[in-house]
Amino acid sequence: MVDDVLFEQVLQPAASWSHVLKRGTALRLTDTEGGANVGAIFYNFECPVERLNLPDTLKAQHIARVTKDFVLYSDMGHILCSITEDSVGWHDCLTGCSDAASVKTQYGEASYQEHHNGFYRNAQDSFLIELAKYGLGERDLSPNVNFFSKVTVGDDGALSYCAGHSTAGSAVDLRAEMNVLVIINSCPHPLDPNPKYEPKTVHLSVRRVPAPAADDPCRVSRPENGRGFVLTERYFL
(Lines give C-alpha, C1' and ligand atoms only; values in the text may rest on other atoms or scores of the structure.)
Protein backbone atom coordinates (compact mmCIF):
# COMPACT_ATOMS: atom_id res chain seq x y z
CA MET A 1 0.00 0.00 0.00
CA VAL A 2 1.30 3.42 -0.96
CA ASP A 3 1.33 5.78 2.03
CA ASP A 4 4.48 7.88 1.76
CA VAL A 5 4.58 11.26 3.48
CA LEU A 6 5.92 13.82 1.02
CA PHE A 7 6.09 16.78 3.37
CA GLU A 8 4.69 18.23 6.58
CA GLN A 9 4.12 21.82 7.63
CA VAL A 10 2.62 23.82 10.49
CA LEU A 11 -0.02 26.36 9.53
CA GLN A 12 0.30 29.13 12.09
CA PRO A 13 -2.77 30.81 13.65
CA ALA A 14 -4.65 32.94 11.08
CA ALA A 15 -2.12 32.06 8.38
CA SER A 16 -2.91 31.21 4.76
CA TRP A 17 -1.48 28.46 2.56
CA SER A 18 -1.89 27.09 -0.94
CA HIS A 19 -0.67 24.03 -2.78
CA VAL A 20 -1.39 22.12 -5.97
CA LEU A 21 -2.47 18.78 -4.54
CA LYS A 22 -1.67 16.23 -7.23
CA ARG A 23 -3.97 13.39 -8.23
CA GLY A 24 -2.77 10.37 -6.24
CA THR A 25 -1.90 12.37 -3.12
CA ALA A 26 -3.85 13.36 -0.01
CA LEU A 27 -3.77 16.28 2.39
CA ARG A 28 -4.28 15.66 6.09
CA LEU A 29 -5.42 18.57 8.26
CA THR A 30 -4.90 18.11 12.01
CA ASP A 31 -6.31 20.39 14.69
CA THR A 32 -3.37 20.39 17.08
CA GLU A 33 -4.90 22.45 19.90
CA GLY A 34 -8.65 21.95 19.57
CA GLY A 35 -11.09 24.59 18.39
CA ALA A 36 -9.45 25.20 15.01
CA ASN A 37 -11.20 26.37 11.88
CA VAL A 38 -9.78 25.86 8.40
CA GLY A 39 -11.49 27.74 5.60
CA ALA A 40 -10.87 26.02 2.26
CA ILE A 41 -11.61 26.58 -1.42
CA PHE A 42 -10.64 24.29 -4.31
CA TYR A 43 -9.97 24.72 -8.04
CA ASN A 44 -9.06 22.55 -11.01
CA PHE A 45 -5.46 23.69 -11.30
CA GLU A 46 -5.37 22.99 -15.05
CA CYS A 47 -8.48 25.12 -15.65
CA PRO A 48 -9.25 27.32 -12.62
CA VAL A 49 -12.59 28.51 -13.98
CA GLU A 50 -13.70 25.10 -12.73
CA ARG A 51 -13.93 25.25 -8.96
CA LEU A 52 -15.67 23.90 -5.89
CA ASN A 53 -19.46 24.06 -6.11
CA LEU A 54 -20.90 23.64 -2.61
CA PRO A 55 -24.59 23.70 -3.65
CA ASP A 56 -23.98 20.77 -6.03
CA THR A 57 -21.78 19.02 -3.44
CA LEU A 58 -24.58 19.08 -0.88
CA LYS A 59 -27.51 18.52 -3.23
CA ALA A 60 -25.99 15.56 -5.07
CA GLN A 61 -25.18 13.73 -1.83
CA HIS A 62 -28.37 14.74 0.08
CA ILE A 63 -26.39 16.34 2.93
CA ALA A 64 -25.90 19.74 4.60
CA ARG A 65 -22.33 19.14 5.79
CA VAL A 66 -19.38 17.02 4.68
CA THR A 67 -17.61 14.19 6.46
CA LYS A 68 -15.95 10.83 5.75
CA ASP A 69 -17.01 8.98 2.58
CA PHE A 70 -18.35 12.11 0.89
CA VAL A 71 -16.76 14.15 -1.89
CA LEU A 72 -16.32 17.74 -3.04
CA TYR A 73 -17.79 18.43 -6.49
CA SER A 74 -16.74 21.05 -9.01
CA ASP A 75 -19.19 23.10 -11.05
CA MET A 76 -18.44 20.76 -13.98
CA GLY A 77 -19.53 17.63 -12.12
CA HIS A 78 -16.00 16.40 -11.49
CA ILE A 79 -14.85 15.25 -8.07
CA LEU A 80 -12.07 17.50 -6.83
CA CYS A 81 -11.39 15.75 -3.52
CA SER A 82 -12.74 12.84 -1.50
CA ILE A 83 -12.90 12.81 2.29
CA THR A 84 -11.36 9.45 3.11
CA GLU A 85 -10.84 9.82 6.87
CA ASP A 86 -12.44 12.12 9.41
CA SER A 87 -12.41 12.00 13.20
CA VAL A 88 -14.59 15.11 13.54
CA GLY A 89 -17.79 14.02 11.78
CA TRP A 90 -19.13 17.39 10.63
CA HIS A 91 -17.59 20.22 8.61
CA ASP A 92 -19.55 23.39 7.93
CA CYS A 93 -20.53 24.20 4.35
CA LEU A 94 -23.14 26.89 5.00
CA THR A 95 -21.69 30.01 6.58
CA GLY A 96 -18.82 31.26 4.44
CA CYS A 97 -15.92 33.24 5.86
CA SER A 98 -15.03 36.37 7.78
CA ASP A 99 -14.13 39.66 6.13
CA ALA A 100 -12.43 42.81 7.39
CA ALA A 101 -15.68 44.40 8.55
CA SER A 102 -16.86 41.37 10.55
CA VAL A 103 -13.46 40.95 12.23
CA LYS A 104 -13.39 44.64 13.19
CA THR A 105 -16.92 44.45 14.59
CA GLN A 106 -16.24 41.37 16.70
CA TYR A 107 -12.65 41.86 17.82
CA GLY A 108 -11.78 45.51 17.26
CA GLU A 109 -8.75 46.71 15.34
CA ALA A 110 -5.19 45.39 15.44
CA SER A 111 -3.18 46.70 12.50
CA TYR A 112 0.09 45.35 11.19
CA GLN A 113 1.79 48.68 11.87
CA GLU A 114 1.01 48.38 15.58
CA HIS A 115 0.90 44.61 16.16
CA HIS A 116 3.18 43.29 13.39
CA ASN A 117 2.57 39.52 12.88
CA GLY A 118 -0.08 39.60 15.60
CA PHE A 119 -2.43 41.78 13.54
CA TYR A 120 -6.00 40.58 12.98
CA ARG A 121 -6.38 38.77 9.67
CA ASN A 122 -9.66 37.86 8.04
CA ALA A 123 -10.43 34.85 5.88
CA GLN A 124 -11.62 36.69 2.77
CA ASP A 125 -8.42 38.72 2.41
CA SER A 126 -6.37 35.60 3.19
CA PHE A 127 -8.06 33.77 0.32
CA LEU A 128 -7.40 36.71 -2.02
CA ILE A 129 -3.70 36.82 -1.10
CA GLU A 130 -3.27 33.17 -2.05
CA LEU A 131 -5.43 33.45 -5.18
CA ALA A 132 -3.23 36.30 -6.45
CA LYS A 133 -0.23 33.97 -6.50
CA TYR A 134 -1.95 32.06 -9.33
CA GLY A 135 -3.26 35.03 -11.30
CA LEU A 136 -6.72 34.77 -9.73
CA GLY A 137 -8.70 37.44 -7.90
CA GLU A 138 -11.91 38.55 -6.26
CA ARG A 139 -14.16 37.31 -9.05
CA ASP A 140 -12.72 33.83 -8.50
CA LEU A 141 -13.82 33.59 -4.87
CA SER A 142 -16.34 30.84 -4.24
CA PRO A 143 -18.19 29.56 -1.16
CA ASN A 144 -15.81 27.75 1.18
CA VAL A 145 -15.83 24.75 3.47
CA ASN A 146 -15.02 25.39 7.14
CA PHE A 147 -13.19 22.28 8.30
CA PHE A 148 -13.39 21.43 12.02
CA SER A 149 -16.44 23.67 12.54
CA LYS A 150 -20.07 22.65 13.06
CA VAL A 151 -23.07 24.89 12.44
CA THR A 152 -26.62 23.63 12.83
CA VAL A 153 -29.86 25.09 11.49
CA GLY A 154 -32.84 25.42 13.83
CA ASP A 155 -36.49 24.94 12.92
CA ASP A 156 -36.75 28.71 12.62
CA GLY A 157 -33.81 28.84 10.19
CA ALA A 158 -31.39 30.31 12.72
CA LEU A 159 -27.76 29.22 12.46
CA SER A 160 -26.04 27.99 15.63
CA TYR A 161 -22.28 27.60 16.02
CA CYS A 162 -21.29 24.52 18.08
CA ALA A 163 -18.38 25.54 20.30
CA GLY A 164 -15.87 22.84 21.24
CA HIS A 165 -16.79 20.67 18.27
CA SER A 166 -13.21 19.82 17.30
CA THR A 167 -10.83 18.54 19.96
CA ALA A 168 -7.03 18.43 19.96
CA GLY A 169 -5.76 15.81 17.53
CA SER A 170 -8.86 15.79 15.33
CA ALA A 171 -7.98 15.19 11.69
CA VAL A 172 -9.51 15.01 8.22
CA ASP A 173 -7.97 13.53 5.04
CA LEU A 174 -8.64 14.96 1.57
CA ARG A 175 -7.65 12.73 -1.36
CA ALA A 176 -7.15 14.60 -4.63
CA GLU A 177 -9.08 13.09 -7.55
CA MET A 178 -7.76 15.80 -9.91
CA ASN A 179 -4.79 18.14 -9.80
CA VAL A 180 -6.39 20.51 -7.32
CA LEU A 181 -5.37 24.00 -6.27
CA VAL A 182 -6.09 24.02 -2.55
CA ILE A 183 -6.30 27.37 -0.77
CA ILE A 184 -6.79 27.43 2.99
CA ASN A 185 -6.47 29.67 6.02
CA SER A 186 -6.78 29.18 9.77
CA CYS A 187 -8.75 32.33 10.58
CA PRO A 188 -11.56 32.00 13.15
CA HIS A 189 -15.01 30.87 12.01
CA PRO A 190 -17.31 33.84 11.26
CA LEU A 191 -19.88 32.65 13.82
CA ASP A 192 -17.42 31.78 16.59
CA PRO A 193 -18.76 33.72 19.60
CA ASN A 194 -15.37 33.95 21.34
CA PRO A 195 -14.84 37.69 22.01
CA LYS A 196 -11.06 37.21 21.86
CA TYR A 197 -9.21 36.80 18.57
CA GLU A 198 -7.71 33.35 19.16
CA PRO A 199 -7.05 31.46 15.90
CA LYS A 200 -5.46 28.03 16.26
CA THR A 201 -2.51 26.14 14.84
CA VAL A 202 -3.12 23.40 12.27
CA HIS A 203 -0.69 20.69 11.14
CA LEU A 204 -0.56 19.83 7.42
CA SER A 205 0.84 16.73 5.77
CA VAL A 206 0.77 15.54 2.18
CA ARG A 207 1.33 11.91 1.25
CA ARG A 208 0.99 9.52 -1.65
CA VAL A 209 -2.14 7.35 -1.60
CA PRO A 210 -3.58 4.58 -3.80
CA ALA A 211 -6.14 5.31 -6.49
CA PRO A 212 -9.76 4.72 -5.43
CA ALA A 213 -10.89 1.14 -6.03
CA ALA A 214 -14.20 0.07 -7.53
CA ASP A 215 -15.61 -0.39 -4.03
CA ASP A 216 -14.07 2.75 -2.56
CA PRO A 217 -16.43 4.06 0.18
CA CYS A 218 -16.51 7.54 -1.35
CA ARG A 219 -17.43 6.07 -4.74
CA VAL A 220 -20.28 3.89 -3.46
CA SER A 221 -21.71 6.09 -0.69
CA ARG A 222 -24.14 7.66 -3.18
CA PRO A 223 -25.16 6.60 -6.72
CA GLU A 224 -24.34 10.13 -7.86
CA ASN A 225 -20.77 9.69 -6.64
CA GLY A 226 -20.27 6.63 -8.81
CA ARG A 227 -21.17 8.70 -11.84
CA GLY A 228 -18.97 11.55 -10.60
CA PHE A 229 -15.94 9.25 -10.37
CA VAL A 230 -16.53 7.94 -13.89
CA LEU A 231 -16.74 11.49 -15.26
CA THR A 232 -13.58 12.48 -13.38
CA GLU A 233 -11.62 9.44 -14.54
CA ARG A 234 -12.61 10.10 -18.15
CA TYR A 235 -11.11 13.61 -17.81
CA PHE A 236 -7.67 11.96 -17.62
CA LEU A 237 -8.05 9.58 -20.56
#### Entry: Verdict with reasoning, F127 to L141, per side chain to side chain contact (heavy atoms under 4.5 Å, CB included)
CA-CA 8 Å; F127 283 140; L141 281 173; 3.7 Å; yes
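- Side-chain heavy atoms closer than 4.5 Å link hydrophobic residues (I, L, V, M, F, W, Y) into clusters, and following such links, even through other members, never connects M76 to L54.
- With sequence neighbours left out, the side chain to side chain contact (heavy atoms under 4.5 Å, CB included) criterion links V220 to no other residue.
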### Message
Run the side chain to side chain contact (heavy atoms under 4.5 Å, CB included) test on V202 and T30 for me, step by step, so that the C-alpha distance in whole Å, both residues' side-chain angles and the decisive distance to 0.1 Å come before the verdict.
### Response
CA-CA 6 Å; V202 176; T30 303; 5.7 Å; no
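- Residues in residues 116-137 take part in these side-chain hydrogen bond (donor to acceptor under 3.5 Å, both in side chains) pairs, two or more places apart or across chains: S16-E130, S18-E130, S18-Y134, N122-D125, E130-K133.
- L58 is listed as a side-chain neighbour of L94, based on a closest heavy-atom distance under 4.5 Å.
- In terms of heavy-atom proximity, E177 sits nearest to F236 at O-CE1, 3.6 Å.
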#### Entry: From CA spacing to verdict: side chain to side chain contact (heavy atoms under 4.5 Å, CB included), N185, W17
CA-CA 6 Å; N185 66 75; W17 179 84; over 6 Å; no
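- Checking L80, N53, N225 one by one against Y73, the side-chain contact (heavy atoms from CB on, under 4.5 Å) holds for a single residue, N225.
- Contact annotation: the side chain of L128 approaches that of E138 to within less than 4.5 Å [non-hydrogen atoms, C-beta and beyond].
- Screening residues 104-115 for side-chain hydrogen bond (donor to acceptor under 3.5 Å, both in side chains), with sequence neighbours left out, gives no hits.
- Under a hydrophobic-cluster definition in which Ile, Leu, Val, Met, Phe, Trp and Tyr are linked whenever side-chain heavy atoms come within less than 4.5 Å, directly or via other members, Y197 and V38 are assigned to different clusters.
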### Message
Determine whether R222 and H62 satisfy the following criterion, side chain to side chain contact (heavy atoms under 4.5 Å, CB included), listing intermediate values before the conclusion.
### Response
CA-CA 9 Å; R222 292 288 188 271; H62 314 287; 3.9 Å; yes
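- A search for side chain to side chain contact (heavy atoms under 4.5 Å, CB included) contacts involving L231 returns H78, not counting sequence neighbours.
- With sequence neighbours excluded, no residue forms a side chain to side chain donor-acceptor pair (under 3.5 Å) with T152.
- A distance-only check finds a donor-acceptor pair linking the side chain of N146 to the backbone of G96 [under 3.5 Å].
- P199 approaches S186 most closely through the heavy-atom pair CB-O, 3.5 Å.
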Side-chain donor-acceptor pairs under 3.5 Å in residues 154-163, sequence neighbours left out?
| unit_1 | atom_1 | unit_2 | atom_2 | d |
| --- | --- | --- | --- | --- |
| D156 | OD1 | A158 | N | 3.0 |

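- Annotation: the span from L27 atom CG to F42 atom CZ amounts to 7.5 Å, rounded to 0.5 Å.
- Other residues, nucleotides and ligands contribute only 12 or fewer heavy atoms inside 6.0 Å of the CZ atom of F45.
- Atom CZ in R23 sits 11.5 Å away from atom SG in C81 (nearest 0.5 Å).
- Judged purely by atom type and a 3.5 angstrom limit, S82 has no side-chain atom pairing as donor or acceptor with the backbone of T84.
- Formation of a donor-acceptor pair under 3.5 Å by the H19 side chain with backbone atoms of V206 is not found in this model.
- Counting heavy atoms from C-beta outward, V151 and H91 have side chains that stay 4.5 Å or more apart.
- Legend: residues meeting side chain to side chain donor-acceptor pair (under 3.5 Å) with S87, ordered by chain and number and at least two apart, are absent.
- Looking at every heavy atom in both residues, S170 comes nearest to V88 through CB-CG2, 3.6 Å.
- Note: I184 CD1 to I41 CD1 = 11.0 Å, rounded to the nearest 0.5 Å.
- Across all their heavy atoms, K22 and N179 have their closest contact at CA-OD1, 3.5 Å.
- Summarising the geometry, atom CZ belonging to F148 is positioned 10.0 Å from atom OG1 belonging to T167; distances are rounded to the nearest 0.5 Å.
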#### Entry: Candidate pair F147 and H189, rule ring-ring contact (aromatic ring centres under 6.0 Å, His included), full reasoning
CA-CA 10 Å; F147 289 105; H189 190 278; over 10 Å; no
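- S205 places no side-chain N or O within 3.5 Å of a backbone atom of E8 that could act as its donor or acceptor partner.
- Taken together through direct or relayed side-chain contacts under 4.5 Å among Ile, Leu, Val, Met, Phe, Trp and Tyr, I79 and I63 form parts of separate hydrophobic clusters.
- A donor-acceptor pair shorter than 3.5 Å can be found between the side chains of T201 and E33.
- Contacts classified as salt bridge (charged side-chain N to carboxylate O under 4.0 Å, His left out) and involving residues 43-58 (residues at least two apart or in different chains) are given here: R51-D140, D56-K59.
- D31 pairs by the side chain to side chain donor-acceptor pair (under 3.5 Å) definition with S166, not counting sequence neighbours.
- A salt bridge (charged side-chain N to carboxylate O under 4.0 Å, His left out) check over residues 68-91, counting only residues at least two apart or in different chains, returns the pairs K68-E85.
- Rounding to the nearest 0.5 Å gives a distance of 6.5 Å between OG1 of T57 and CD of Q61.
- When side chains are defined from C-beta on, F7 does not count as touching L204, because their heavy atoms never get closer than 4.5 Å.
- Checking side-chain atoms of N37 against main-chain N and O of C187 turns up a donor-acceptor pair under 3.5 Å.
- In terms of the side chain to side chain contact (heavy atoms under 4.5 Å, CB included) criterion, R139 has no residue partners (sequence neighbours excluded).
- The cluster map of Ile, Leu, Val, Met, Phe, Trp and Tyr, joined by side-chain heavy atoms under 4.5 Å apart, puts L174 and V145 in the same cluster.
- Shown here for A36 and S149, the closest heavy-atom pair between the two residues is O-OG, 4.1 Å.
- By the rule that hydrophobic residues join a cluster once side-chain heavy atoms approach within less than 4.5 Å of another member, I83 and W90 end up as members of separate clusters.
- When all heavy atoms of P212 and F229 are compared, the pair lying nearest together is CG-CE2, 3.8 Å.
- Listed by chain and residue number, R28, R207 satisfy the side chain to side chain donor-acceptor pair (under 3.5 Å) test with D173 (two or more places apart in sequence, or in another chain).
- Within the model, atoms CG of L52 and CG of N44 stand 12.5 Å from one another, a figure rounded to the nearest 0.5 Å.
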